[in-house]
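In what follows, a structure is listed as structure tokens, so that the remarks can point back to it.
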Amino acid sequence: MKVVIADLCGTLILENTTHGYLASLPFFPYYVARNRLLRSRLGQIANRLAGRDVAREQLIRSLRGWSNEELAEFAQSYVQAAITEKVSIPVRDALLEARRSGSKVYLATSSLQPIAEAVAHGFTLDGYIATTLEFDRFGCCTGRILNDVTANKWQTLSERFPEMQSAEITVYTDNPEDTDLKQVATVFHYLGR
């Protein structure tokens, strides 16, 4: 079996999709201004000082109270626009060619699950893994991450899709931290700088 695994942010869609998605949501003006600051150089400085992605944590916190359905609906709209305006043509074409030649195609992204689900649907992919948000018993987002797949993509993929463990794997990514995918890839396309 042949499998193609593609990253999302900077690989298939040429932007940070979590940031782009959050910027597209209809927040109150306070959250719009705060989130813009978190996505700016100030957020990058805060990350460096803290030694972790505090900007991402705060951005995700702004999703508190949103329903799963609302987040999915807005993700569909965001992804449709991103596919039209910000898709990497070479990567898109490689994925389409892989599908035509009978390979299974999966998305492996640290972006949020509603975005990944919309992309997987839009490209009719065989599956995806993504960072999942936590929801309370009423179906409202708590503003926290339940499962982050950053630097843990291969383990998550092989647990969710065990058949891929014996596959011939091609990977497309721009993330230097995707070393776990590099180790299992037969062909590894690094698209970063």
Side-chain angles (χ1 to χ4, degrees), residues 6-92 95 107-123 125 128-136 139-153 172-178 191-193:
D7 174 52
L8 181 58
C9 303
T11 302
L12 181 57
I13 304 293
L14 299 174
E15 75 172 351
N16 180 318
T17 57
T18 297
H19 288 191
Y21 170 62
L22 291 170
S24 75
L25 292 175
F27 286 112
F28 291 113
Y30 163 77
Y31 283 109
V32 170
R34 185 189 81 133
N35 289 352
R36 193 172 292 143
L37 264 176
L38 289 167
R39 291 189 311 268
S40 72
R41 184 166 296 305
L42 186 62
Q44 294 171 3
I45 292 168
N47 291 345
R48 259 186 261 125
L49 290 174
R52 66 183 205 279
D53 198 344
V54 292
R56 182 179 185 224
E57 293 168 13
Q58 292 302 312
L59 287 165
I60 290 170
R61 220 171 252 144
S62 66
L63 296 175
R64 185 177 180 182
W66 290 67
S67 74
N68 195 12
E69 293 78 21
E70 290 172 312
L71 294 174
E73 183 180 317
F74 283 112
Q76 286 290 335
S77 297
Y78 164 73
V79 166
Q80 287 174 355
I83 287 173
T84 303
E85 301 165 11
K86 298 173 182 171
V87 73
S88 166
I89 303 299
V91 174
R92 180 202 65 194
L95 298 183
L107 186 67
T109 181
S110 297
S111 193
L112 302 177
Q113 181 268 330
I115 304 163
E117 188 172 313
V119 170
H121 178 74
F123 283 97
L125 303 180
Y128 69 89
I129 59 155
T131 295
T132 52
L133 295 167
E134 181 182 75
F135 290 88
D136 64 20
C140 292
C141 184
T142 64
R144 291 190 297 261
I145 292 174
L146 181 65
N147 182 36
D148 191 349
V149 299
T150 304
N152 193 26
K153 291 178 180 176
Y172 291 89
T173 187
D174 73 320
N175 292 325
E177 67 267 9
D178 282 345
L191 308 171
R193 295 179 188 146

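Owing to the predicted nature of the structure, the values given are computational and were not obtained by experimental measurement.
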Report, one line per pair, each donor and acceptor closer than 3.5 Å where one atom sits in a side chain of residues 19-28; sequence neighbours left out.
unit_1	atom_1	unit_2	atom_2	d
Tyr21	OH	Leu71	O	2.7
Ser24	OG	Tyr21	O	2.6

| task | List the atom of Pro176, the atom of Asp174, and the distance in Å for their closest heavy-atom pair. | result | CD-O, 3.4 Å
| request: Sort out for me which residue in Leu14, Leu191, Thr173 forms a side-chain contact (heavy atoms from CB on, under 4.5 Å) with Val91. | output: Leu191
| query | Hey, does the side chain of Asn175 reach the backbone of Glu177 with a donor-acceptor pair shorter than 3.5 angstrom? | reply | no
| remark: Here the pair of heavy atoms bringing Ala130 nearest to Ala116 is CB-CB, 3.5 Å
| query | Taking only residues two or more places apart in sequence, or in another chain, which ones meet Glu134 in a salt bridge (Lys or Arg N to Asp or Glu O under 4.0 Å)? | reply | Arg144
| Cut-off 3.5 Å, side chains only: do Ser110 and Arg56 have a donor facing an acceptor? | no
| query | To the nearest 0.5 Å, what is the distance between CG (Leu8) and OG (Ser111)? | reply | 5.5 Å
| Minimal non-hydrogen separation, Phe123 against Leu12, with atom names | CE1-CD2, 3.8 Å
| said: Which residues pass the side chain to side chain donor-acceptor pair (under 3.5 Å) test with Arg92, not counting sequence neighbours? | reply: none
| Under the side chain to side chain donor-acceptor pair (under 3.5 Å) test, which residues partner Ser88, sequence neighbours left out? | none
| message | Test of understanding: with ring pair (Phe, Tyr, Trp, His ring centres under 6.0 Å), list the residues that count as partners of Tyr172, not counting sequence neighbours. | response | His189
| Point-to-point distance, once rounded to the nearest 0.5 Å, from CD of Gln80 to NE2 of His121 | 8.5 Å
| said: Tell me every residue that passes side chain to side chain donor-acceptor pair (under 3.5 Å) with Gln113, counting only those two or more places apart in sequence or in another chain. | reply: Glu117, Tyr128
| field | Residues in salt bridge (Lys or Arg N to Asp or Glu O under 4.0 Å) contact with Arg39, at least two apart in sequence or another chain | value | none
| message | For the CG atom of Asp148 and the CG atom of Asp53, what is their distance to the nearest 0.5 Å? | response | 9.0 Å
| Nearest atoms (heavy-atom pairs only) where Asp136 meets Thr142 | N-CG2, 3.9 Å
| field | Other residues, nucleotides, ligands: >12 heavy atoms within 6.0 Å of Tyr31 OH | value | no
| note | With sequence neighbours left out, the residues meeting salt bridge (Lys or Arg N to Asp or Glu O under 4.0 Å) with Arg52 are Glu57
| field | Residue list, side chain to side chain donor-acceptor pair (under 3.5 Å) with Asn147, at least two apart or on another chain | value | none
| task | Determine, stepwise, if the pair Ile115 / Thr109 fulfils side-chain contact (heavy atoms from CB on, under 4.5 Å). | result | CA-CA 10 Å; Ile115 304 163; Thr109 181; over 6 Å; no
| Only one of Asn35, Leu37, Leu38 clears side-chain contact (heavy atoms from CB on, under 4.5 Å) with Gln58; which? | Leu38
| task | Would you please name every residue forming a salt bridge (Lys or Arg N to Asp or Glu O under 4.0 Å) with Glu73, sequence neighbours left out? | result | none
| How close do Leu112 and Thr18 get, heavy atom to heavy atom, and via which atoms? | N-OG1, 3.7 Å
| Residue pairs involving residues 26-38 (criterion salt bridge (Lys or Arg N to Asp or Glu O under 4.0 Å); sequence neighbours excluded) | none
| task | Sorted by first residue and then second, give each ring-ring contact (aromatic ring centres under 6.0 Å, His included) pair with at least one member in residues 70-92; sequence neighbours left out. | result | Trp66-Phe74
